[in-house]
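First the structure, in the form of structure tokens, and then the observations on it.
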2 protein chains.
Amino acid sequence: MALEHAILVSLEERSGSGYELARRFDKSIGFFWAASHQQIYRTLKRMVDLGWVTCTEVAQDGKPDKKVYEVGDTGRAELRRWLAEPGDPAVLRNDLAVKIRGASYGDIPALLAEVARHRDAHAERLDVYRVIEKRDFPDPAALTGRHLHQYLVLRAGVRAERGLVDWFGEVLEAMRRDGGEDR
Amino acid sequence: MALEHAILVSLEERSGSGYELARRFDKSIGFFWAASHQQIYRTLKRMVDLGWVTCTEVAQDGKPDKKVYEVGDTGRAELRRWLAEPGDPAVLRNDLAVKIRGASYGDIPALLAEVARHRDAHAERLDVYRVIEKRDFPDPAALTGRHLHQYLVLRAGVRAERGLVDWFGEVLEAMRRDGGEDR
DNA sequence: CTATACATGTAACTAGTTACATGATTTA
DNA sequence: TAAATCATGTAACTAGTTACATGTATAG
């Protein structure tokens, strides 16, 4: 499991409250590791119990109090350990591929409409990533350290979304050709 | 959840035992939807309770008895329903992207070795997919129906694996350049 | 006065992983 | 005689989702 570790990375970059972490998991980190606020609050509690992070209550005016979490030495050591630990290669998981494999057992035009909807959604995300890429990293060759690492994970997002958009396009093209010919 | 539905698709293609399904989930279907035998047995039991599949015990000689599962009318209706049902666009999940984002908090050369290991593993899977592609689908333009659908999900695998291999290559190239220069 | 942002949580459920458990037959 | 394949399961645990629950402050 990597949620604890994703939180450690995020808190090393900048300490913050559960709410703030939940915001970050709606963007940046969340582009490649999704987490809901319920999951984050639960995990933060566990991380405090483990001594990985410390929690300080902070009063604010005009806003509710918040609890700010910060990575401690134990947490930093755990992050180092995890970063060096070998893991299994990722396994793919693709709902729509299951549906396409089973297309002939259902309503094919309806499924193609669904594929088109997903293609559009992923194309939109791809645009978001590309805007960020151009805005924040106009000269990739000059990047070093943390900025380079941030750029590279954004590249993973760009490549994955573009791959999906292209694949959905291939599916639509081939299945429309197939459906159009023998009917 | 799609495991029930992945099993329905697989059993529609050909009825079989839990063990046989577990084999199929080690290849073909499993290329884009992994499932362990424990999960499959548990899910098959639930599907019998729901009336989606029927179960027949079959005696074999030289081998233990087996239970053969077959899709019933209720199961077929459920599959149709699920195929027409809209779903959310896939969210990405990439452990190594989290590690790369946190690279500066750990041992970077060790992490790059891990990245290279994953690149090799995905390159191997890509080769497997390409062999299957050339062997089973030498003339994609001529494909129709179920064969076409099978080809298209294989294409998803090819695209996803190639995307990962390329990305790992980009990561290695950029981070080696970065590490090599300022040391 | 309504919606949005800020802020934190619990409870119940669903899905997935890991470890344990058994036993026959075939191949090297 | 050891390993691999065939065959089926239980138990405990970990992770993730959905629904419920509450309350303040600000902007339109």
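In the text below, chain A, chain B and the rest are named by the order of the sequence lines, each starting its count at 1.
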Is the distance from OP1 or OP2 of C/dT8 to the nearest side-chain N or O of A/K45 less than 4.0 Å?
no

Decide yes or no for B/E170 and B/E173: does some side-chain heavy atom of the first lie under 4.5 Å from some side-chain heavy atom of the second?
no

Does the Lys NZ or Arg CZ of B/R23 fall within the cation-pi geometry relative to B/Y19 - under 6.0 Å from the ring centre and within 45° of the axis?
yes

In terms of the nearest nucleotide of DNA chain C, which residue is placed more toward the 5' end: A/Y69 or A/R42?
A/Y69

Within the 4.5 Å heavy-atom criterion, are A/R155 and A/P140 side-chain neighbours or not?
no

Of A/S36 and B/V68, the one whose nearest nucleotide on DNA chain D sits closer to the 5' end is B/V68

Can you tell me how far C1' of C/dT8 sits from CD of A/Q38, to the nearest Å?
10 Å

Please report, rounded to the nearest Å, how far the C1' atom of D/dT10 is from the CG atom of B/L44.
16 Å

Short N-O contact, B/R130 and B/E133, less than 4.0 angstrom:
no

Quick one: are B/H122 and B/E161 in side-chain contact, heavy atoms under 4.5 Å?
yes

What is the distance, to the nearest angstrom, from the CD atom on A/E57 to the P atom on C/dA7?
13 Å

With nearest nucleotide decided by heavy atoms, which residue, B/H37 or A/K66, maps closer to the 5′ end of DNA chain C?
A/K66

Within the 4.5 Å heavy-atom criterion, are A/W33 and A/L3 side-chain neighbours or not?
yes

Measure the shortest side-chain to side-chain distance between B/H147 and B/Y151 over non-hydrogen atoms and say whether it is less than 4.5 angstrom.
no

Any side-chain heavy-atom pair from A/F31 and A/I132 closer than 4.5 angstrom?
yes

Is the distance from OP1 or OP2 of C/dT17 to the nearest side-chain N or O of B/Q39 less than 4.0 Å?
yes

What is the separation between atom CG on A/D88 and atom C1' on C/dT18, rounded to the nearest whole Å?
13 Å

For the student: nearest non-hydrogen atoms of A/R119 and A/G169, plus distance:
CD-N, 4.5 Å

Please report, rounded to the nearest Å, how far the P atom of C/dT8 is from the CG atom of A/L21.
9 Å

For the pair made of NE2 in A/H5 and P in D/dA15, what is the distance, rounded to whole Å?
10 Å

Each nucleotide N or O in nucleotides 3-6 of chain D that has a protein N or O under 3.5 Å away: list the pair and distance.
| unit_1 | atom_1 | unit_2 | atom_2 | d |
| --- | --- | --- | --- | --- |
| D/dC6 | OP2 | B/Y19 | OH | 3.1 |

To the nearest 10 degrees, how far apart in direction are the end axes of the helix from C/dC1-D/dG28 to C/dA28-D/dT1, each fit to five base pairs?
40°

Just how far, in rounded Å, is C1' of C/dA7 from CD of A/E20?
10 Å

Spacing between B/D95 atom CG and D/dA15 atom C1', to the nearest angstrom:
13 Å

Check whether any side-chain N or O of A/R93 sits under 4.0 Å from OP1 or OP2 of C/dG16, and answer yes or no.
yes

